[in-house]
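Note that the numbering runs from 1 along the sequence shown for the chain.
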Amino acid sequence: MSPPTSLQRGTGFHHLIADEHRLIAQVLTYCHAAGYAIPPLLVIDYLIAIKTSPFVLLFGPSGQGKTELARLFAQALVLPFDDQYIYVNLGSSLQASEIQDRFGWMKFVETLENAAAPANAGRLFFLCLDNLRPHDIYTYFANVSRDPDGITRLVMRGYPPHKWPALPSNVIITGTLDAEHPVDRDQSSLLAQINCVYMQPQWLQSNIRTVKRQQRMAPVGMQRLLLDQQYRSDEAASDRLQTLLGPHLDDILQPPSELMAVLWQSNLTYTQTWRSTMLRAVANSFTIEGHGLFIPYDVLNNAQFAYSFVMARQLLLRLWGQPQHSAAIEALLHRQLAQLPSTTLVGLTDSLLY
């Protein structure tokens, strides 16, 4: 298939030196210099999740590099401006949990207020909420609402509307959740609105070495690229995919038969909210030029892979603790990855396999 037609959106991005593939290469290079071997697929997965939603949940077994991924990705784009990466550890003993919760909430609101300042409009802020507990999902990964003035706010359960904090578009909130915690049905429905990245043991290799980190400024244009090249509404995502896929769009936005079988067996419903998340994720799996992040020069296959891949991760999170379903989903993921071609990311040739 010939390369897709470039999208003419009038954003002026042709003046920037950055595109999504260069951004991925920048993150991989930074991680390597910091002593971490991270597969490109994991960085692509996280990038699409960030572009799709201001909330991203990194989940998987303990010790698999969830916190390191959030930190390294942010630092690769904002160094030497360390104030743009904020880390909050919510893990604590039972005796200190109330104090820790209060501290975490204060840092959370402070970050939103700082990012909303007019002087920071062009700067990205990465907030990492480490060691989330299941009930924290409701506190920090709540619903989004627009007030009569058109301001996007987080609907915080138990707080009056006038205390709901505004959610600036230049804040990316990443939470880490150890997968040994079961997810109940109420949390499962909320998770349909959140993008997740599954950190299985093979994602982050164990050969971590200590090196001297050189702090240098990230390349020009990457923060602005990530700020502006996002599709977070159904309307924008639909328009983008209609341009790229045309008559194939409706066929792609249907769950694959194998995943539909898992949905049916587990009594999960493929809701409109879930479909909306999938729509935005597929739209964000393409670069500004319309090239696939997974499969650069095959628009249709990139969209199909992105859909199955993102949905499989959603199911893994929502069915964690049900090994009969998790095994089937992981087997499907590995079959998909075995068919995924290797790619070259701005001079860095790596396999995209786990």
Side-chain angles (χ1 to χ4, degrees), residues 1-9 11 13-14 16 18-28 38-53 56 73 195-198 203 222 225-226 228-232 234 236-256 259 275 277-314 332-354:
M1 181 178 290
S2 60
T5 302
S6 297
L7 297 180
Q8 302 299 323
R9 292 174 48 83
T11 55
F13 271 100
H14 55 281
L16 297 179
D19 61 24
E20 287 92 333
H21 284 131
R22 290 188 181 276
L23 187 152
I24 293 165
Q26 160 69 14
V27 173
L28 291 171
I38 299 182
L41 178 60
L42 179 55
V43 177
I44 294 172
D45 191 14
Y46 187 45
L47 172 62
I48 292 172
I50 285 172
K51 291 171 61 179
T52 303
S53 169
V56 178
F73 189 100
N195 266 276
C196 58
V197 175
Y198 177 41
W203 279 121
M222 289 192 176
L225 175 77
L226 197 51
D228 290 351
Q229 183 55 18
Q230 300 170 344
Y231 295 90
R232 291 184 174 175
D234 287 1
S238 295
D239 290 345
R240 178 83 191 280
L241 290 178
Q242 191 66 51
T243 301
L244 288 169
L245 303 173
H248 300 290
L249 177 57
D250 290 337
D251 294 334
I252 287 175
L253 294 179
Q254 299 296 327
L259 295 182
R275 185 183 185 279
T277 300
M278 298 301 303
L279 175 76
R280 289 180 278 116
V282 175
N284 282 301
S285 72
F286 292 92
T287 70
I288 186 173
E289 298 296 333
H291 299 298
L293 288 175
F294 293 111
I295 307 174
Y297 295 110
D298 193 329
V299 175
L300 191 60
N301 281 335
N302 182 81
Q304 290 173 331
F305 179 86
Y307 187 97
S308 297
F309 188 70
V310 174
M311 185 171 180
R313 291 189 286 95
Q314 277 275 350
L332 172 62
L333 272 176
H334 281 283
R335 286 197 299 273
Q336 291 175 321
L337 290 167
Q339 300 173 10
L340 191 66
S342 297
T343 190
T344 300
L345 299 175
V346 198
L348 296 178
T349 303
D350 288 283
S351 169
L352 289 180
L353 299 180
Y354 286 96

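- For R275, there are no side chain to side chain donor-acceptor pair (under 3.5 Å) partners at least two apart in sequence or on another chain.
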> Passes side-chain hydrogen bond (donor to acceptor under 3.5 Å, both in side chains), T52 versus N284? Steps please.
Replying inline: CA-CA 6 Å; T52 303; N284 282 301; 3.1 Å; yes

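- The two residues L259 and A312 have their closest heavy-atom pair at CD1-N, 4.2 Å.
- The two residues S53 and R232 make their nearest non-hydrogen contact at O-NH2, 3.5 Å.
- The distance from atom CD of Q314 to atom OG1 of T277, rounded to the nearest 0.5 Å, is 6.5 Å.
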>> Please evaluate residues F294 and I48 with respect to the criterion side chain to side chain contact (heavy atoms under 4.5 Å, CB included), reporting the C-alpha separation (whole Å), side-chain torsions for both, the decisive distance (0.1 Å), and the verdict.
In response: CA-CA 10 Å; F294 293 111; I48 292 172; 3.4 Å; yes

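- Residues E289 and D19 form no side-chain contact, since every pair of their non-hydrogen atoms from C-beta on lies 4.5 Å or further apart.
- In this model, no donor atom of one side chain and acceptor atom of the other lie less than 3.5 Å apart for Y231 and R280.
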Could you pull out all donor-acceptor pairs under 3.5 Å where a side-chain atom in residues 247-254 meets a protein atom, sequence neighbours excluded?
none

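- Partners of D239 according to the salt bridge (Lys or Arg N to Asp or Glu O under 4.0 Å) rule, which considers only residues two or more places apart in sequence or in another chain, do not exist here.
- When all heavy atoms of V299 and G290 are compared, the pair lying nearest together is CG2-O, 4.2 Å.
- Between A303 and V282, the shortest heavy-atom distance links the atoms CB-CG1, 3.9 Å.
- The CG atom of L226 lies 8.5 Å from the CD atom of E20; values are rounded to the nearest 0.5 Å.
- Atom-to-atom distance recorded for L47:CG and L42:CG is 11.0 Å, nearest 0.5 angstrom.
- A pairwise comparison of heavy atoms in L241 and A283 identifies CD2-CA, 3.7 Å as the closest pair.
- Of all non-hydrogen atoms in Q229 and R240, the two that sit nearest each other are NE2-NH1, 3.3 Å.
- Remark: Y46 OH to I24 CD1 distance equals 13.5 Å, nearest 0.5 Å.
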>> For a ring pair (Phe, Tyr, Trp, His ring centres under 6.0 Å) check, start with the C-alpha distance between H291 and F286, then their side-chain angles and the critical distance, and finish with the verdict.
In response: CA-CA 5 Å; H291 299 298; F286 292 92; 9.3 Å; no

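- The side chain to side chain donor-acceptor pair (under 3.5 Å) analysis of residues 299-312, with sequence neighbours excluded, yields the pairs Y270-Y307, S285-N302, D298-N301, S308-Q336.
- The CG atom of L23 sits 12.0 Å away from atom OG1 of T287, with the distance rounded to the nearest 0.5 Å.
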